[in-house]
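Beneath this line is the structure, given in structure tokens, with notes to follow.
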Amino acid sequence: MWDYSETVKEHFYNPRNAGVAEEANATGDVGSLSCGDALRLTLKVNPETEIIEDAGFQTFGCGSAIASSSALTEIIKGMTLDDALNVSNQDIADYLEGLPPEKMHCSVMGREALQAAVADYRGEEWADDHEEGALICKCFAVDAVLIEDTIRANNLKTVEDVAHYTKAGGGCASCHEGIEEILTKVLEEKGEKFDPTADTVPDVESSPATLVAGASGMTNLQRIRKIEAVIESLRPQLQADNGDVELVDVMGDTIYVNMTGACNGCQMASMTLGGIQQRLIEELGSFVKVLPATEMPKSAAGV
Amino acid sequence: MMKGIYLDNNATTMVDPAIVEEMMPYFTEQFGNPSSMHEFGNKVGFAIKKARKQVQALLGAEHDSEIIFTSCGTESDSTAILSALKAQPERNEIITTVVEHPAVLTLCEQLEKEGYKVHYLKVDTKGQLDLSEYRKLLSDRVAIVSVMWANNETGTIFPAIEMADMASKAGVMFHTDAVQAVGKIPMDLKSSKIDMLSISGHKLHAPKGIGVLYLRRGVRYRPLLRGGHQERGRRAGTENTASIVGLGKAAELALEHMEYENVTVAAMRDRLQEGIMDSVPYSFVTGDPDNRLPNTCNIAFEYIEGEAILMLLNKQGIAASSGSACTSGSLEPSHVMRAMDIPYTAAHGSIRFSLSRYNTMEEIEKVIEAVPPIMVQLRKLSPYWDGDRPVDEPEKAFAPTYA
Ligand SMILES: Cc1ncc(COP(=O)(O)O)c(C=O)c1O
Ligand code: FES
């Protein structure tokens, strides 16, 4: 049995807004190949105010798919279309007090149905841009497609790299074989061989030319203030995407941050981490590594 | 919650109280190591010997030394297949089927990565094999055939005896994963050509974590675990004595109840199937009802999803299992359902009911009562459903964008 929260169970046993919304004027049909779940979301939108006056769902799917659909309809009723579009899959999961990692895609499906329904209402084409693969890392709910894409985009070479960029593999480590297989495959396409002893891509040691901490003449305190300021300046942009970032600790060249909101665990998290790292390197004039706080040494040693 | 109704015996079974009783002394006063020279060990050695004979009797094996105790069904499967490959390095092909348990399939996938050629026999819509396809694949390049005796999801029985004969004629080793079959199908291995056979204790009311590999005398063999001389050096590691004793007793009881299983349990299963099929439209039995384990029936309920069904059954204290992807957290519905070409909209809603001799007709009637309203309730939520029937042309009426 899955470890479903009481809220998930409650929404499953007593789904809200099941069936087609009356006088619906928008429909979104989406499915997730994984799990074979499929969802039809119907909305009754007030044409004057663009407020969602009613929402209904029909779901072919498991307990959490039904609960996610139910939660979604409850969340968006009374919202304007624009506000509803800001509802992230994490919001749906939060509303349900969490979903098991294997089931996060149920909340993604809910969000996609909403986008599809809004597109339908506005007479737009909705194209799904999100592809799902087999779940590789259960600790951080990362699938094969994301790992593969991230390896390609960033020329990653090692399991450690993958953990830095996607979090996958950074927890209990039981998914390392799976990650190695993906690395082997992707590297083979480029005519390279996976080498488990290779240096990690963004590593300081591997590129002696990079500067060490304090090389730019700052005191430690100045440096940390600077890091804070840079991170602060990046927040509005992240908040616009329903995310946020917070500085947790600085240990030498490694900066630990907490990604919160939509970006936590989402597909963009790695990109954002990479982006933050890039900005910090530029601003500090020295090499730093930005890692999620979940990777702080205590966990590295413990598991 | 009322006392639960357990219809998931293909997943695992309750340990028979008589078996627990038999095992208890081997945790306490009979704790000795059977290999030891003193009295503490000696008695335990005799208990293992007895268990070996009990298993021998259930299988109809010629010698008790053909019984090797292992830690589980999975270990027996791995040992058999890897042994055949090690013992015959000149042969690099394996024949198996697409519907095997992961204990065999996942190993075969790994062996493919290591360079072995694996032939996966396909099944038809009833889950049966094409023996002429099989015959063509048998050659002196094949190190081992590994074909399950009965399928865990549908209960479909494969012609293991006949397939072993065919392998033997072609000079190919034959292994069968009989984890689901042992104790439900009468066996007489000495009159068969089966070379190796896997058992798992917890499927026949013995504890979890004990298994057997039957190894016909004279079959070339290479151990998986080397070490001490336990199991005549064929499976090193100090014996799990209490569980071995438990499995021995379980084998004895299974033999005693063979007829009960095939008459009374089968009758309960048939009643369950009939009761559900009569009252739930758009459902069908999967697998091969004419060649099926007496305790299993697998029913696909169209347009709804299995995990949701299980959760509602569970709420009423009824335990079963499903071939839906969601229950396993995998990407696809059960590979067995897919292999039989069952459409996705039905494969996800397939439910396996597996009984045991501890079920009663009264329980079955309760389940027959409980199932139909659950299907009505879930179909109400289904985009493929309208009122009391599927929407017209369901696949067209609801064709979501798939991610
Ligand atoms: C057909 C089959 N083979 C192998 C196994 C694995 O047995 P065990 O759990 O003892 O490793 C099972 C049960 O899970 C099974 O049904
Ligand atoms: S499963 Fe990937 S780190 Fe635990």
Residues of residues 186-197 of chain A within contact distance of chain B, non-hydrogen under 4.5 Å | none
Does [X] come within less than 4.0 Å of [Y], counting only side-chain N to carboxylate O?
X        : Y        : value
A:Arg40  : A:Asp120 : no
A:Lys185 : A:Glu180 : no
B:Glu307 : A:Lys103 : yes

Sort out for me which of A:Thr59, A:Val20, A:Leu39 touches chain B most, counting heavy-atom pairs under 4.5 Å.
-> A:Thr59
Listed by chain and number, what are the ring-ring contact (aromatic ring centres under 6.0 Å, His included) partners of A:Tyr95, not counting sequence neighbours?
-> A:His11
Looking only at side chains, do B:Ser146 and B:Asp77 share a donor and an acceptor under 3.5 Å apart?
-> no
Regarding B:Asn9 and B:Lys203, is there a side-chain donor-to-acceptor distance under 3.5 Å anywhere?
-> no
Region of A:Ser64 in contact with chain B, defined by heavy-atom distances below 4.5 Å = backbone
Between A:Pro15 and chain B, which part of the residue has a heavy atom less than 4.5 Å away: side chain, backbone, both or neither?
-> side chain
So which heavy atom on B:Leu225 is nearest to which on B:Glu75, and how close?
-> CD1-OE2, 4.5 Å
Examine whether an atom of B:Lys380 lies under 4.5 Å from a heavy atom of chain A, and if so say whether it belongs to the side chain, the backbone or both; otherwise answer neither.
-> neither
Cut-off 4.5 Å, heavy atoms of chain A, and the answer for B:Ile304 is backbone
Would you call the rings of B:Trp385 and B:Tyr282 parallel, tilted or perpendicular if under 30° counts as parallel and over 60° as perpendicular?
-> perpendicular
